Structures are given as C-alpha cells and as structure tokens.
Amino acid sequence: MYLTRLEEKMLEGEYGEALSDAMRVLVKVGEALGAERLIKINHAHVSGLSYLTIGEPGLLFIESFYRRGARTRVYSTMNPVGMDLERWRSLGVPWKFAAKQERIIDSMIKMGFKESMTCTPYLLREPRRGEHLAWGESSAVGMANTYYGAYTNREGGPLALMAAITGRTYEAGLHLPENRQPTVLVKLEEDSFIVDPAKAGIIGYIVGEQMGTGIPYIKTSLNPGFTSVKAYTAAAGASGGIAYSIIEGVTPGYKQYSDKIGGLEKLVITKDMIEEKLPPKDLKPDLIFIGCPHADLNEIAYLAKIIRDCGSRPSAKIWVSTSRRVYREAHELGLIKYLETMGVLVTRDTCPVVSPMLDKKYKIIATTSSKSFFYIPRMHGIKTYVIPFNSLRRQICTEN
Ligand code: F3S
C-alpha cells in the first residue's frame, strides 16, 4: 500500500505506540481488501461502547489506547452506551456496571471524542455529499451513504476507533464510486408503505433478509422523508449487511443510475410480505418502545400528540430513547415535561438493546423499529413486535 511520508512516520512509531498500532491495523485491513492507499476522513463514529456488549475485553482495549497516548485527529463521536448517564441510579442500573461503563466513556472523552452517545451522529454534524467518513453503527452508515450521499464503509467499532486516531481509513469498498452501483431493483406493491416509518423499517428488514449484501435501488414515486429513511436503513443493516441503498428522490445522484436498473435482478415487496411481519390485532404489549435509531424530534412530537389526543394516560408503559441534542430540543418545546407527566420514560445516551435497563418483567414489547424487532429478542429474549406508526394510537390510548 502506498503511504505518504507522514503516514510512514506514523506507522513507524515516530508519534507514539498507539498511533503506530492504529496505522498498522488500518494498513493490514486495507491491504486485505485490496486498498492501494489510505484516505483522510472528516468524521469517525465509534460503535460498540456499551459495557453490556463489549465487556471487560472491550473496556481494556479502549483504555490501553488511551493510556498509550491515542488521541483523535478528526471530529469523532460515540455511539450509545449501556445507561442514561444522568439517571442510571434511579433506572436500576447496577453500580458495578455503571462504574465499568464510566471508565469506557472517560477514556473515550480523554482521547477527544464528543460526549455524543447517539446512533444518530448525522444530527450532530451533517455529512456532506461525497465526503469520506469512517463510521461504525450500521444504521448511521446507511443514513450517511443513502440519505446524505457521503462515503463510508460499515466499520466495526475497533476499526472506527483506529480511523479516529489516525484521521484516515483504507480506500476500498464504498469509498470507491465503482463499488456504489445498484445490484438489485426493489419495487413496492404500494408506494405508500415507505411513508410510514415503521413500514419503511419492515421494507428495510425484508430487503436485508432477502439480499444479505449488495446495493438495492428502491423505486418509489413518494418521498419517504427523513424518519422513514432512518428506519429503513437501520433495519436493512440489521437483518442484512446493507450499508448503502439508492432511494429514488432521496439519495443524492440517484438519477445517474436510472438507466442502469433495467437489467437488474428484481425484488418486489408486496402488501402480504409487510402484513406478515405485523402483529396480531389483539396485541397487548406491556412495553411500547420508540427510538431505534434514537428518536428524532418528529417522532417525539408525534407521540406527544397521540397522547394529547387520547386525553388520558397511556395504557401501556412507553419508553423513548433519544440523543442529548434531540432531548434538549424537545425539552425546550415542553414535550419532555409533558411526556414525563404522562408516565413516558425518555432516556438519553442509551437504548433498550444495549442497556441492562430493559427489565425482564416485560413479556411483550411493541416497537415502531424493525431494528429493535431484530435485536431485542436476540439480546434480551423478550418477544417483540413491530407496530406501524398509524396504529400507535390504538396501542396507547386507554379508550380505543
Ligand atoms: Fe441505536 Fe440502540 Fe437502535 S444504538 S440503532 S437505538 S439498537
């Protein structure tokens, strides 16, 4: 692999052992993937920071980089962790867990990471079209490529950490325009499916399940909107390895592919395929979860409106997970206070998937997120169903 003089010095250890190790990892992975050089990135986003998922080995790995002098060289953000940093005590997080989690966060912040703890880093710094990023967190990777037209591979947490420390990533995969061509044409029996974020998530789930990897070209005459694309990319990255989709009317530059899709293999998403994933009509969840990926302001405002329209406290427990940024905005609008008065739990920094806060007393969870539908049963063994946004009212209102 070609390295600049500065990169060679980094690799040789002139700027310290940690930077040298990080360079070595990137060069090795890059060479294995056929990269001819490293490229500079503008933003690194590191996933895999919950003590629940990475445990002691992950904690020691991160601390060793910090202790050996690793520091970020670019704007760098952190994915959600295992607890709400302000309220973990009252939410039943064991103090032993909290102490370990705080050590992880402490090392990351001292290395230069923003105290972001969100899977929606694009709401903190909007990716620009064509810029190179190194992001972990598959849902965010999908958004960066699909919605913003930025270039990032789907990195594992450690590799994104190496990218943050070096300010570079290997030039392979989705960093190369020739690898960003559509491979399957996805048609929807009804375009309107993609407008409901929960159904858009189911579409993503089916696309990921059926394709595994590759680049779907989603044909639609309707603009799904931000929240639906967020739900779609998260699900497609959970049930499969889809890191980039081209959505008509959404993905920057999608028009350049419109004459290349004729000969592609086709996948038709029918009404039946979507309905098969929906729960029975008489579903009685004991927890409704919204915010995977972290809820945006529209989702929080929509939930508040449903509860207001109901005119009574929700019949089921509701948990919303969001980022600090959106929480602050919702707080300024009076939405957080209202939701909390109505018994809704709104957490920051974490989510039920990566946190020990998800109480085993819950037996049935309903969620608007197909990503959570995929992960909650696997991580926590709790039965989980996806419910469309337009049926939230029925689930939430006591009188329905
Ligand atoms: Fe984010 Fe947790 Fe879902 S990290 S994408 S809310 S699983």
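Just follow the structure's listing: the first ligand is 1, and inside any ligand the first atom is 1. For clarity, every value in this text was computed on a predicted model and none was experimentally measured.
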Atom NZ of Lys40: over 12 foreign heavy atoms under 6.0 Å: no
Expected output: side-chain Glu131 to main-chain Arg128 donor-acceptor under 3.5 Å: yes
Protein contact of atom 3 (Fe) of ligand 1 - nearest heavy atom, named by residue and atom, plus distance: Cys292 SG, 2.3 Å
Those atoms of ligand 1 less than 4.0 Å from some heavy atom in Glu137: 5 (S)
Any side-chain donor near an acceptor of the partner, Thr350 and Asp84, under 3.5 Å: no
Element-labelled atoms of ligand 1 that are located less than 4.0 Å from some non-hydrogen atom of Ser139: 5 (S)
Per-atom contacts, ligand 1 versus Lys371 - under 4.0 Å to a heavy atom: 5 (S), 7 (S)
Aromatic ring pairing His45/His43, orientation class (parallel under 30°, perpendicular over 60°, tilted between): perpendicular
SB check Asp286 Lys317 (cutoff 4.0 Å): no
Contact with ligand 1 for Ala234, non-hydrogen, under 4.0 angstrom: no
Arg37 NZ/CZ over Tyr2 ring centroid, <6.0 Å and within 45° of normal: no
For Gly291, the ligand 1 atoms whose distance to one of its heavy atoms is below 4.0 Å: 6 (S)
Nearest non-hydrogen protein atom, atom 4 (S) of ligand 1: Pro80 CG, 3.5 Å
Glu189 atom CD, over 12 foreign heavy atoms within 6.0 Å: yes
His294 near atom 3 (Fe) of ligand 1: N/O/S under 2.8 Å: no
Closest protein heavy atom (residue, atom, distance) for atom 2 (Fe) of ligand 1: Cys351 SG, 2.2 Å
Sub-4.0 Å atoms of ligand 1 with respect to non-hydrogen atoms of Val353: 7 (S)
Residues, nucleotides or ligands: over 12 heavy atoms within 6.0 Å of Lys260 NZ: yes
N/O/S atom of Cys119 inside 2.8 Å of atom 1 (Fe) of ligand 1, strictly under: yes
